[in-house]
There are 2 protein chains.
Amino acid sequence: MYSQAAVSLTRSQAAPFAAAAEPAPTLRDLFKGQSAETLAAGEALFWEGDPAGQIFDVISGVLRVYRIMPDGRRAIMGFIHPGDVLGVSFQNRYLFTAEAVTEVKIRRFARSRFFGLINETPALRPQLFAILCDEMSAAQDQMLLLGRKNAEERVVSFLLSVHRKVGIGADIELPMSRLDMADYLGLTMETVSRMMTSLARRGLIALGARHTVTLRKLAALREIAGHDAEDEDIAAAPARRAVWPH
Amino acid sequence: MYSQAAVSLTRSQAAPFAAAAEPAPTLRDLFKGQSAETLAAGEALFWEGDPAGQIFDVISGVLRVYRIMPDGRRAIMGFIHPGDVLGVSFQNRYLFTAEAVTEVKIRRFARSRFFGLINETPALRPQLFAILCDEMSAAQDQMLLLGRKNAEERVVSFLLSVHRKVGIGADIELPMSRLDMADYLGLTMETVSRMMTSLARRGLIALGARHTVTLRKLAALREIAGHDAEDEDIAAAPARRAVWPH
DNA sequence: CGTCACTTTGAAAGCTTTCAATAGGAGTGG
DNA sequence: CCACTCCTATTGAAAGCTTTCAAAGTGACG
């Protein structure tokens with residue numbers, strides 16, 4: 001999943017710190033003490049332009065983050081999944097609106113405390129840096145997708161990115177609507193629908209009940225998606241080092 | 001200019017530190033001691049996939065940073081201008097190729113030293129953070145542009161972003177080719193050319209000699225560009241605070 | 001079992017691309 | 001200094017892909 005606003009820490013916090021003599025704290029540990037809150041589907045967590053006061057750890061559910069143009073056109077910048085931390089890469093104000101796609105459970109943390117702790121805990125800084133780098137990387141994947149891929153490539157890239165992120169075997173859950181997908185992929189919902197149908201007709205995917213999709217021919221799909229991190233889940237991706245570069 | 005990979009520090013290093021009792025070092029000061037190097041137009045500074053060993057301060061000239069798909073399609077992620085720092089937001093490897101558009105002068109700095117200094121100098125950390133946030137912000141502007149704007153809006157948004165960044169009065173310099181612009185805007189060079197002609201015919205811009213363009217009707221252009229930071233240069237943009245959030 | 005919201009499908013329209021040719025500009029060499 | 005060449009930009013026309021507009025289908029929920 002291209003989540004321009006949040007990046008899985010399950011990846012970023014990996015390896016190097018596990019070997020540390022004393023158990024180094026991970027970023028997500030900071031949220032441990034916070035109480036969980038629940039958002040109903042459709043509810044907003046914060047709005048574009050709001051003072052960026054808090055950071056959120058997503059426990060369950062999926063959110064969409066988006067911006068709206070004056071005339072109503074919507075661009076979804078990403079979908080936020082459990083394990084992602086949302087709200088890091090802002091200065092003063094949130095750059096987009098975050099809204100629950102499904103019911104969502106989150107823990108929140110004041111940004112001041114968050115950054116205060118990071119200041120005091122050198123071990124956390126590389127993790128924060130890793131988050132930001134992963135966000136940039138995802139944003140660039142998305143720019144390539146939006147700028148140079150056709151409708152089919154976009155849809156397939158999306159399916160593969162979901163698979164990479166939360167796929168269980170060959171099945172993936174797409175809790176968001178076709179319109180959400182369209183606004184994320186720079187298409188219309190009709191085009192997304194047509195591409196899904198076409199892929200299914202060709203046996204590359206199978207459309208299951210509810211929001212379930214089965215990726216039937218991964219290799220062929222990867223071929224279609226073109227340049228991507230599509231190879232990353234073949235070999236267990238060597239976890240990106242969450243280390244302060246040196 | 002949407003530079004997804006580098007962000008002007010002239011903005012980010014502003015206000016808060018100026019008032020500090022003792023002159024706080026700025027990130028760009030780090031490069032002061034480094035010797036300048038020159039790249040000829042077309043020369044690459046580094047390649048996508050190279051180990052990310054260095055960080056660069058651009059003194060003069062313009063670079064393009066891009067990724068290429070297996071079949072040759074190119075997506076330019078941004079243009080890097082003097083005052084930008086290039087190469088910060090990478091973990092292990094450069095995510096794109098950086099190539100000189102014009103002759104370019106840069107200073108380089110080993111990432112290890114760069115991050116070492118940042119570790120030792122708390123005052124630099126907010127600046128680094130600010131760079132990364134600005135990069136994310138620019139990346140999101142670009143995603144909106146690529147996903148939801150039409151050809152004319154893209155071209156106008158681009159002209160305005162250049163104007164905001166390096167505009168002198170109503171004139172702007174576009175050192176890059178139409179193809180560069182096209183690969184940045186997710187269009188073809190023909191479409192870019194047509195849009196420029198159309199804007200000129202309507203008197204919104206004037207195409208000067210060389211790579212010069214005059215923005216004749218800023219208000220109208222801003223109207224066309226739609227949602228952007230187009231208002232930022234009306235009132236002197238309150239420099240984004242380069243402070244560690246608290 | 002009816003309603004509402006979302007999805008799929010169809011057909012036409014529209015915008016951008018593709019293919020092709022002309023024009024323009026800069027640099028080179030006579 | 002001018003002619004020539006090459007490369008980039010512009011312009012035209014047709015093709016193509018995605019969107020738009022519309023209608024039918026599907027599924028969840030009360």
Side-chain angles (χ1 to χ4, degrees), chain A residues 40-42 64 69 71-76 101-103 145-159 173-202 205-213 224 226, chain B residues 40-42 64 69 71-76 101-103 145-159 173-202 205-213 224 226:
Chain A
R64 59 182 162 250
M69 291 178 67
D71 63 357
R73 280 174 284 180
R74 182 180 72 158
I76 292 184
V101 173
T102 62
E103 181 179 285
L145 179 148
L146 293 171
R148 284 291 173 247
K149 291 187 179 179
N150 64 27
E152 181 175 87
E153 293 169 332
R154 294 185 199 192
V155 170
V156 171
S157 295
F158 176 71
L159 295 177
E173 280 283 310
L174 298 179
M176 69 292 293
S177 70
R178 293 287 187 260
L179 183 57
D180 284 338
M181 288 174 58
D183 285 348
Y184 179 57
L185 298 175
L187 302 169
T188 61
M189 87 177 94
E190 292 93 334
T191 299
V192 171
S193 181
R194 276 185 250 272
M195 294 301 136
M196 297 288 283
T197 305
S198 161
L199 292 169
R201 194 168 44 230
R202 289 183 280 158
I205 66 174
L207 300 173
R210 291 286 236 153
H211 292 241
T212 302
V213 176
I224 292 173
Chain B
R64 61 183 161 248
M69 290 177 66
D71 63 357
R73 279 174 284 181
R74 182 180 72 157
I76 292 184
V101 172
T102 63
E103 181 179 285
L145 179 148
L146 294 171
R148 282 292 174 250
K149 291 187 179 180
N150 64 29
E152 182 175 86
E153 292 168 332
R154 294 185 199 193
V155 169
V156 171
S157 296
F158 177 72
L159 295 177
E173 281 281 312
L174 298 179
M176 68 292 293
S177 70
R178 292 287 187 259
L179 183 58
D180 284 338
M181 288 174 58
D183 285 347
Y184 179 57
L185 298 174
L187 301 170
T188 60
M189 87 175 93
E190 291 93 335
T191 298
V192 171
S193 181
R194 277 186 249 272
M195 294 301 136
M196 297 288 283
T197 305
S198 161
L199 292 168
R201 194 168 43 228
R202 289 183 280 157
I205 65 174
L207 300 174
R210 290 286 237 157
H211 292 243
T212 302
V213 176
I224 291 173

Rounded to whole Å, CE of A/M181 lies from P of C/dC6 at a distance of 15 Å
Main-chain N/O of B/M189 paired with B/S193 side-chain donor or acceptor, under 3.5 Å:
no
Without decimals, in angstroms, what is the distance between A/M189 CE and C/dC6 P?
9 Å
Shortest non-hydrogen contact from B/M176 toward B/M181
CG-CG, 3.7 Å
In whole Å, what is the span from the CG atom of A/L207 to the P atom of D/dG27?
12 Å
Would you say A/S193 places a side-chain N or O within less than 4.0 Å of OP1 or OP2 belonging to C/dT9?
no
Using only atom types and a distance under 3.5 Å, with no angle test, would you say the side chain of B/R178 pairs donor to acceptor with the backbone of B/E190?
no
B/R201 versus B/T197, side-chain donor and acceptor atoms under 3.5 Å:
no
Contact class for A/S177 (heavy atom, under 4.0 Å): base, sugar-phosphate, or nothing?
sugar-phosphate
Strictly under 3.5 Å: I want the nitrogen or oxygen pairs between protein and nucleotides 18-24 of chain D, one per line.
residue	atom	partner	partner atom	Å
D/dT18	OP1	A/A151	N	2.7
D/dT19	OP2	A/T188	N	3.2
D/dT19	OP2	A/T188	OG1	3.3
D/dT19	OP2	A/T191	OG1	2.5
D/dT20	O4	A/R194	NH2	2.7
D/dC21	N4	A/E190	OE2	3.2

Under a 3.5 Å distance rule, please check whether B/R148 uses its side chain to pair with a backbone N or O of A/R73 as donor and acceptor.
no
Specify the closest pair of heavy atoms between B/R154 and B/L185, including all atoms of both residues, with the distance to one decimal.
NH1-O, 2.8 Å
Can you tell me the distance, in whole Å, between the CE atom of B/M196 and the P atom of D/dT8?
17 Å
Separation of B/L179 atom CG from D/dC6 atom C1', in whole Å?
17 Å
Nucleotide C/dA5, atom P - distance to NE2 of A/H211 in whole Å
15 Å
B/I205 CD1 to D/dT10 C1', in whole Å, measures 13 Å
Taking CG from A/L146 and P from D/dC17, how many angstroms apart are they, rounded to a whole number?
19 Å
